[in-house]
Amino acid sequence: MSYDLVVRSRRAVLPDGQRPAAVAVAAGRIAALAGYDAPLDAVVDEDLGDVALLPGLVDTHVHVNEPGRTEWEGFASATRAAAAGGVTTLVDMPLNSVPPTVTVAALEAKRAAARGRCHVDVGFWGGVVPGNLGDLVALRRAGVFGFKAFLVDSGVPEFPPVDAGLLERALATVDALFVVHAEDPGSVRGSPPSPRYADFVASRPPEAERSAVATVVAAARRADARVHVLHLSSVAALAELAAARADGVRLTVETCPHYLALTAEQVPDGATEFKCCPPIRDRDNQDRLWAALADGAVDCVVSDHSPCLPELKRADTGDFAAAWGGIASVQLSLPVVWTEARRRGHGLADVARWMAAGPADLVGLPGKGRIAVGGDADLVAFDADAGFRVEPGLLHHRHPVTPYAGQRLTGVVRATWLRGEPVTGDAPRGRLLRADAP
Ligand SMILES: [Zn+2]
């Protein structure tokens, strides 16, 4: 047997742990796993030595914004940034594109915008907003991976929030995964114009997350539906989630790199590049979030890549109340998480579980997110001991605004393969993914 590609690494991260291995690829799929030194006949035989080999990451929380807000970000720039960061599959959020993905026509408009422009594989979430319950079944049949809903103002007028009653009706309308932005508008206070980060955090307290998660849990329980809590920041919501999970309610939860790597204490006055919703909280909360990740109470880590025009970050005034909330980090997620994970004693296998297999399982992509025979040969050469300084000029996002500017991070992505071919940033080879219709 001759293979198209063999990649060898002394640190291959396989589903059963990290060990020296050779990964053989044929026709875009992983065809065999063998010992590091195994004689294998291949067109290309690449030996990474001590550079780690990871499964391509799956990032199920990315706002691409095209069409409609392509000046914020687009499929070409977002997917190039993704590939540079070791992400080989992303699932695009139904906002902040215009139109938002709340009808089949809008989904087709998005696919038309994405077609031929993607450097990694891309799937799509649909959205639930007041008035589109009648569109959900058709959207699901058209291949969305599930539906996003907001319980609080989304930040854009064309994607209004739902209340508990409408969420529950949506859960009963279609058998699909629902992903929820869980902050309770009743506990979110208007924040006065202020360059002080503490004023912003006070406007979105842990209670807002805790009570929204209680709403989500109650709805999931009554509808016997599958619900996923997006971007958990506060550990205040964890007890509620754990109790419901123990009861058999089908709940999962994600957190994001910025909650794991940045703290409220370090945000300088006026540094609105740190603004996101829910907010980055204090160091004690962060330690407890890591503990939850370590013990499996949090299922996965995804970027919530949420870019905007630089002027919307209001660096001119440093006003946290007026600035857009969102951190664009799809390219930096892996080194950001790895830097902190390593410091806390976690291994690459943990990171692969949180950032590749976990999100792949969330959206039902068994051929993604793990180095296993039969799966897509989406691979990352990750130099886990090398360091680099974050220079905004290294970023392929449309706008290089980042709270990580100037930070030293550990872990450099040396190469990314999509279905067995290196992603070079030239010809886009990403596919548009469809969830299997029920
Ligand atoms: Zn988001």
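For ligands, and for the atoms within them, numbers begin at 1 and follow the listed sequence. Given the structure is predicted, the values throughout are model-derived calculations rather than measurements.
Between His346 and Trp290, the ring planes are parallel. Angles under 30° get that label, and only those over 60° would be called perpendicular. Classification of the His181-Phe150 ring pair by plane angle, with boundaries at 30° and 60°, yields parallel.
Taking the N/O/S atoms of His63 in turn, the shortest distance to the Zn ion (ligand 1) belongs to NE2. Closest N/O/S atom of Asp304 to the Zn ion (ligand 1): OD1. Looking only at N/O/S atoms, His61 comes nearest to the Zn ion (ligand 1) through NE2.
Not a single N/O/S atom of His305, whether from backbone or side chain, sits less than 2.8 Å from the Zn ion (ligand 1).
Counting only distance, with no hydrogens or angles, the side chain of His231 and the backbone of Cys256 share no donor-acceptor pair below 3.5 Å.
Of the residues His258, His63, His397, His61, the one that meets the ring pair (Phe, Tyr, Trp, His ring centres under 6.0 Å) test with His305 is His397.
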